[in-house]
Amino acid sequence: MSDDFGTGARPGDGHDTHARAAADQAAEQVALRADLLDAHFGLAAVIVLSGIVGAFVAPLYGLLVAGTFVVIFLVALGVQCLAGITWESVRRAYQVTFAWGRWL
């Protein structure tokens with residue numbers, strides 16, 4: 001039984017692993033395409049929002065907003081550091097956490 005492309009490889013026998021890895025890497029590059037300026041805007045928004053919530057609702061809630069993003073950053077940093085601790089892993093974790101600032 002061969003595939004539809006005439007290569008003789010069957011799905012799941014390892015011949016399509018390289019193509020899937022390349023597609024996954026391309027998708028990751030698109031997702032992480034945001035630059036540091038976008039992440040800085042996201043961080044600034046979190047700081048301003050935490051201050052507003054802390055001033056008008058309760059200081060504890062402002063800390064909870066900020067603390068939530070600290071936890072998200074630490075989880076992203078832990079995942080990035082699985083391949084080794086570098087400044088690149090810190091930058092990627094920062095971008096993953098705050099790059100949504102590009103949509104502000």
Side-chain angles (χ1 to χ4, degrees):
M1 178 171 148
S2 67
D3 63 350
D4 294 337
F5 301 107
T7 62
R10 286 182 272 152
D13 65 358
H15 292 286
D16 56 348
T17 304
H18 181 68
R20 286 185 188 172
D24 290 344
Q25 185 177 12
E28 179 185 358
Q29 288 174 350
V30 168
L32 295 177
R33 187 168 289 163
D35 59 3
L36 286 178
L37 185 61
D38 296 330
H40 293 332
F41 279 127
L43 178 61
V46 168
I47 291 170
V48 169
L49 181 65
S50 297
I52 290 171
V53 170
F56 292 111
V57 178
L60 177 64
Y61 293 128
L63 289 173
L64 284 174
V65 170
T68 300
F69 282 94
V70 168
V71 169
I72 293 170
F73 173 75
L74 291 175
V75 168
L77 182 62
V79 170
Q80 290 293 325
C81 287
L82 290 175
I85 299 173
T86 63
W87 284 110
E88 178 68 17
S89 60
V90 174
R91 184 187 64 80
R92 283 188 178 197
Y94 179 70
Q95 284 182 318
V96 165
T97 306
F98 297 110
W100 50 266
R102 83 167 98 171
W103 292 289
L104 294 180

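Everything quoted here is computed from the prediction, not taken from an experiment.
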Distance (rounded to the nearest 0.5 Å) between Leu43 CG and Thr97 OG1: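 So the CG of Leu43 and the OG1 of Thr97 are separated by 10.0 Å.
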Distance (rounded to the nearest 0.5 Å) between Arg102 CZ and Leu37 CG: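 Nearest 0.5 Å value for the CZ-CG distance: 11.5 Å.
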Main-chain N/O of Phe41 paired with Asp38 side-chain donor or acceptor, under 3.5 Å: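 No: the side chain of Asp38 does not pair with the backbone of Phe41.
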Heavy atoms of other groups near Leu74 CG, more than 12 under 6.0 Å: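 More than 12 within 6.0 Å, yes.
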Please report the shortest heavy-atom distance between [X] and [Y], naming the atom on each side.
X: Val46; Y: Ala66; value: CG1-CA, 4.5 Å
X: Ala93; Y: Ala76; value: CB-C, 3.8 Å
X: Phe98; Y: Ala39; value: CB-O, 3.3 Å
X: Ser50; Y: Val65; value: OG-CG1, 3.5 Å
X: Ala45; Y: Leu104; value: CB-CD1, 3.6 Å

So if you build clusters from Ile, Leu, Val, Met, Phe, Trp, Tyr with side-chain heavy-atom gaps below 4.5 Å, do [X] and [Y] land together?
X: Val90; Y: Ile85; value: no
X: Leu82; Y: Val96; value: no
X: Trp103; Y: Tyr94; value: yes
X: Ile47; Y: Leu36; value: yes
X: Leu63; Y: Val57; value: no

Sequence-distant partners of Phe73, ring pair (Phe, Tyr, Trp, His ring centres under 6.0 Å), two or more places apart: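 Testing Phe73 for ring pair (Phe, Tyr, Trp, His ring centres under 6.0 Å), a comparison that skips the adjacent residues, returns none.
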Of all pairs that satisfy salt bridge (charged side-chain N to carboxylate O under 4.0 Å, His left out), the ones with a partner from residues 78-89, not counting sequence neighbours: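 Non-adjacent pairs meeting salt bridge (charged side-chain N to carboxylate O under 4.0 Å, His left out): Glu88-Arg91, Glu88-Arg92.
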